[in-house]
Q: 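Structure incoming, see below.
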Amino acid sequence: ERIVFFNGNWVLASQVRISPFDHGFLYGDGVFEGIRAYAGRVFKLEDHMARLYASAKTLMLTIPYTPEELSQKVLESVRINQLQDAYIRLVVSRGAGDLGLDPRSCPEPTVLILADQIQLYPETFYQNGLALASVSIRRPSGDVLNPAVKSLNYLNNILAKIEANLRGVPEVVLMNAQGYVVEGTGDNIFIVRENRVITPPSSAGILNGITRKVIMELALAEGYRVAEENFTLHDLYNADECFLTGTAAEVIPAVTCDGRPIGNGQVGPVTRRLMAVFQEFARSTGTPVEQ
Ligand SMILES: Cc1ncc(COP(=O)(O)O)c(CNc2cccc(C(=O)O)c2)c1O
């Protein structure tokens, strides 16, 4: 059974008692990170911590640990569960309070760290690419519920996932109010055109993905031109290649969208190259779990 960090203690997952008055549960009031460990090293731990604290700051949620202390707990969660490769879920909610939604009624945030294994998509999608569809639900703009804040409010993403399920596709792309393609339900999106690797800019209203940032750096190092540019479904349909990036998804090819084949409808060479380079990079860097 997995051992979980919960409010200062290491407990068996079945022993965790989250209050029914926890505002994370009642209102989605909280922040979280999804982090990976590869071969006993936690990947991009500092970047994930920075994003967690940035999200918490915007919510005026004070995390009762320093980033260094919380980083040590993340490393410990992999160690204590004797994992080498792991998916770590780090959650900080507003904590238990009264039934009103005023955060001031919650004296102590809830801090939870889970470590487990994850396989978000079947291997076949990494080999052969997955089919995408565009959905009617839009990503919220920064003045509605800033998509850059990785909060526990994932209904926008879940509503898109419900549309994906109804459409019979494994993932969907969401647009913003301007009609530009912005990201998937839990991953960022890239297209490749004439060896240019293109991804929507932060200003489009996306989560500033850590995998997205790594892929941009790796693509540059591989000699590709990289651009943060808005694109539409028309550009996506007519791209040479398309892939998605995320901590859980890693780098996953997309070969059709809304029934249109992307490029020749097969996984493209640039995508293949970046998938390989990413896997090698992810295993050669990161914070060792063992001190
Ligand atoms: C909306 C959204 N966009 C992009 C990403 C990718 O960001 P990173 O490269 O930093 O992981 C995410 C990732 N965040 C996220 C949240 C919940 C589940 C999962 C999952 O892949 O199972 C991922 C996300 O939720």
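Everything quoted here is computed from the prediction, not taken from an experiment. Numbering of ligands and ligand atoms starts at 1, following listing order.
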Q: Describe, in one word, how the ring planes of Phe243 and Phe190 are oriented to each other, choosing from parallel (under 30°), tilted (30 to 60°) and perpendicular (over 60°).
A: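 Taking Phe190 first and then Phe243, their aromatic rings lie parallel (interplane angle under 30°).
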Q: Other residues, nucleotides and ligands only: do more than 12 of their heavy atoms fall within 6.0 Å of CD on Glu280?
A: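 Incorrect, the count does not exceed 12.
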Q: Look at Arg167 together with Asp258 and state whether they make a salt bridge at an N to O cut-off of under 4.0 Å.
A: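 Asp258 and Arg167: salt-bridged.
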Q: Any cation-pi pair here, Arg260 with Tyr237, using under 6.0 Å and within 45°?
A: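 Yes.
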Q: Is there a side-chain contact between Tyr87 and Leu120 in this structure, where contact means two heavy atoms from C-beta onward sitting under 4.5 Å apart?
A: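 Contact flag for Tyr87/Leu120 side chains = no.
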Q: Considering the options Glu217, Glu228, Glu250, which one meets the salt bridge (Lys or Arg N to Asp or Glu O under 4.0 Å) requirement together with Arg212?
A: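 It is Glu228; the other options fail the test.
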Q: Check each N or O atom of ligand 1 against all protein N or O atoms and list the pairs under 3.5 Å, with atom names and distances to 0.1 Å, one per line.
A:
residue, atom, partner, partner atom, Å
ligand 1, 3 (N), Glu183, OE1, 2.7
ligand 1, 9 (O), Ile210, N, 3.3
ligand 1, 9 (O), Thr211, N, 2.9
ligand 1, 9 (O), Thr211, OG1, 2.7
ligand 1, 10 (O), Arg51, NH1, 2.8
ligand 1, 10 (O), Arg51, NH2, 2.9
ligand 1, 10 (O), Ile210, N, 2.8
ligand 1, 11 (O), Thr247, N, 2.9
ligand 1, 11 (O), Thr247, OG1, 2.6
ligand 1, 14 (N), Lys150, NZ, 2.2
ligand 1, 25 (O), Tyr154, OH, 2.6

